[in-house]
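Note that these values count all heavy atoms, side chains included, but never hydrogens, waters or copies made by symmetry. For ligands, and for the atoms within them, numbers begin at 1 and follow the listed sequence.
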Amino acid sequence: MTFPADFLWGAATAAYQVEGAWDKDGKGPSIWDNFVRIPGKTFDGTTGDVAADHYNRYKEDVALMAEMGLKSYRFSISWPRVMPKGRGGVNEKGIEFYSNLIDELIKHGIVPFVTLYHWDLPQALQDEVDGWESRECVDAFEEYARLCFERFGDRVNHWITFNEPIVFQMFGYVTEAHPPAKSNPHLLYQTSHYVNLAHARAVKAYREIGGTGEIGITNVINPAYPYTDSVADREATWWSESYSFHWYYDPILKGEYPAEYLAAIEEAYGKLDITEDDISLLKQAKSDFIGINYYQPSRVAANNSETSHSNGRESNTGAAGTASFCGRYRTVLDTEQFEYTKWLWEICPDALRDSMHRIKDRYGDIPIYITENGLGDEDPIVNGEVLDEARIDYIRRHLLACKQAISEGINLKGYYAWSWIDLLSWLNGYKKQYGFVYVDRENLQRKKKQSYHWYEEVIATNGESL
Ligand code: BG6
């Protein structure tokens with residue numbers, strides 16, 4: 001029972017959540033730059049205008065990573081920073097920033113793991129082509145991906161096309177919690193298909209230009225368990241698995257959509273624009289790995305009404321449990337039976353292990369990276385020290401689940417804690433902390449938390465200290 005010698009011990013961030021400098025050096029606006037300015041959309045009206053000021057402090061941040069012994073850093077490129085209008089026209093200052101960041105990482109022996117899309121679509125594409133509602137956005141994404149491969153591909157060998165399509169599609173097209181804040185299930189599924197095409201086009205482009213590294217996608221996984229053993233709850237669990245797991249993973253890893261589920265949604269919401277050529281493209285674009293972001297499982301029960309209901313997943317009020325989903329199933333909160341974070345996300349390390357088995361059972365022995373996992377909390381500060389013991393406990397238990405999965409034959413290649421540094425939580429502002437590094441919101445100074453020192457030892461011992 002041990003981690004492989006080349007296991008990538010990592011931590012992750014995303015551009016909008018850490019960089020700041022939202023309008024500096026020729027960057028174009030993203031849909032998030034505008035969305036956060038709509039009153040009531042984010043906790044306390046928080047924006048990512050400054051975030052963790054990583055744009056200006058990246059050298060200091062990389063030095064802290066190096067001191068910890070971090071093996072790999074997952075970050076995302078802001079599309080409108082390098083292509084202000086999303087297509088046709090490169091911002092060389094933006095390219096320079098990422099180029100410098102990559103060089104700095106490599107200089108310190110840290111492997112860059114790059115996400116191309118972590119939700120900050122150029123506003124121009126939303127305005128001009130309706131964003132992911134159109135095939136033109138797919139063309140634009142390929143142009144952007146090629147630019148990144150050409151400019152950074154000599155140094156970057158690990159590429160993630162998209163982060164968690166389910167989240168930006170569900171929140172963008174059903175719950176209205178993310179931009180473009182529409183409520184239209186047909187668009188949810190249609191944009192989902194176009195994003196899969198954009199992923200496939202990027203994979204194909206990477207091979208065409210002779211990329212020798214690896215490329216894949218990151219999806220969130222919330223393995224579903226029936227809340228009770230009733231037939232109704234088990235049926236509801238089928239809907240949950242079909243949507244949140246198979247709908248998102250099958251087209252990437254099998255090149256097809258789950259037929260029964262596709263038929264059901266087309267009957268409910270109308271025919272989707274999916275052509276035979278599209279399917280053949282999906283089949284050709286083989287991913288080298290699958291990235292999974294795991295936070296919690298779903299306890300699923302039948303949804304007895306067509307009305308929406310609260311399930312505690314997201315909130316822009318600073319409290320848990322105020323957003324809603326609707327559909328054929330609902331997720332249940334049961335604080336008597338299960339363990340939860342302050343934001344009512346269930347803590348269940350064994351469901352992470354189970355998630356990896358579900359992937360292997362359905363798709364075979366594809367290499368897996370845990371590209372996010374971590375605890376959102378309000379960390380206690382005692383005598384000036386950030387004592388985030390709860391985070392240590394959370395990550396330790398999830399890493400033990402990873403270790404067990406490896407011993408059971410799962411091909412797990414790396415683990416990226418979410419997050420490297422305290423950053424903007426999309427809807428919860430800076431109130432919800434995830435990092436190993438604390439950021440003083442007054443002066444943006446960095447401070448190592450207790451978990452920083454703990455993870456340092458985990459890495460130094462290749463997990464033996466767990
Ligand atoms: C993932 C995202 O969904 O969850 C991250 O990829 C995000 O960007 C993380 O920050 C935690 O979510 P939240 O809402 O607690 O910030």
Side-chain angles (χ1 to χ4, degrees), residues 10-19 30-32 35-36 41-44 46-48 51-52 54 73-78 113-121 160-172 175 177-179 195 216-222 244 248 290-298 311-323 325 340-347 352 355 369-379 388 390-391 394-395 398 415-436 439:
T13 64
Y16 187 67
Q17 297 179 275
V18 290
E19 285 177 3
S30 78
I31 54 174
W32 272 93
F35 185 70
V36 293
K41 288 296 184 191
T42 59
F43 171 61
D44 261 358
T46 323
T47 73
H54 178 66
Y73 175 50
R74 173 184 175 225
F75 62 95
S76 78
I77 292 176
S78 160
F113 214 118
V114 176
T115 309
L116 290 174
Y117 187 86
H118 203 124
W119 309 351
D120 46 353
L121 183 76
I160 294 167
T161 52
F162 286 88
N163 180 70
E164 296 187 349
I166 189 172
V167 174
F168 69 85
Q169 289 155 16
M170 175 54 96
F171 291 165
T175 71
H178 283 193
V195 166
I217 197 168
T218 276
N219 273 310
V220 75
I221 195 154
N222 303 101
S244 68
Y248 286 94
I290 185 79
I292 58 174
N293 292 352
Y294 171 79
Y295 291 91
Q296 60 173 337
S298 299
N311 77 349
R313 281 300 310 278
E314 278 297 341
S315 153
N316 62 356
T317 64
T322 46
F325 287 80
Y340 291 90
T341 71
K342 260 184 215 160
W343 268 264
L344 296 181
W345 293 27
E346 189 186 329
I347 302 177
L352 170 58
S355 296
Y369 290 95
I370 310 293
T371 41
E372 282 181 32
N373 172 242
L375 177 70
D377 206 353
E378 290 168 288
D379 298 330
D388 55 342
R391 177 162 304 106
Y394 181 100
I395 296 180
H398 286 81
Y415 173 93
Y416 292 75
W418 185 265
S419 53
W420 163 250
I421 193 167
D422 282 350
L423 41 67
L424 173 91
S425 165
W426 300 90
L427 302 177
N428 306 282
Y430 300 98
K431 184 184 164 87
K432 195 178 189 186
Q433 297 162 274
Y434 279 95
F436 292 126
V439 176

**Request:** Would you mind running through ligand 1 and noting each atom that sits below 4.0 Å from a heavy atom of K432?
**Result:** 13 (P), 15 (O)
**Request:** For S425, counting its heavy atoms only, list the atoms of ligand 1 lying under 4.0 Å from any of them.
**Result:** 13 (P), 14 (O), 15 (O), 16 (O)
**Request:** May I ask you to decide if Y416's main-chain N or O and Y369's side chain share a donor-acceptor pair within less than 3.5 Å?
**Result:** no
**Message:** Less than 4.0 Å is my threshold; does some heavy atom of N428 fall inside it relative to ligand 1?
**Reply:** yes
**Message:** Against ligand 1, does N163 come closer than 4.0 Å with any heavy atom?
**Reply:**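 Flag set, N163 near ligand 1.
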**Item:** Reference residue D377; test side chain to side chain donor-acceptor pair (under 3.5 Å); the match among Q433, K431, K432, K342
**Value:** K342
**Request:** Not counting sequence neighbours, which residues clear side-chain hydrogen bond (donor to acceptor under 3.5 Å, both in side chains) with S76? List them please.
**Result:**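 None.
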Have a look at [options] and point out the one with the heavy atom closest to [atom].
| atom | options | value |
| --- | --- | --- |
| atom 15 (O) of ligand 1 | F168, W343, Y434 | Y434 |
| atom 12 (O) of ligand 1 | Y295, W119, W345, W426 | W345 |
| atom 3 (O) of ligand 1 | K431, Q433, E164, H118 | E164 |

**Request:** Would you check, one step at a time, whether the test side-chain hydrogen bond (donor to acceptor under 3.5 Å, both in side chains) holds for W343 with N428?
**Result:** CA-CA 10 Å; W343 268 264; N428 306 282; 3.3 Å; yes
**Prompt:** Can a salt bridge be assigned to the pair D379 and R391 using a cut-off of 4.0 Å between side-chain N and carboxylate O?
**Reply:** yes
**Item:** Pairwise distance OG1(T115) to CD(E372) - rounded to 0.5 angstrom
**Value:** 8.0 Å
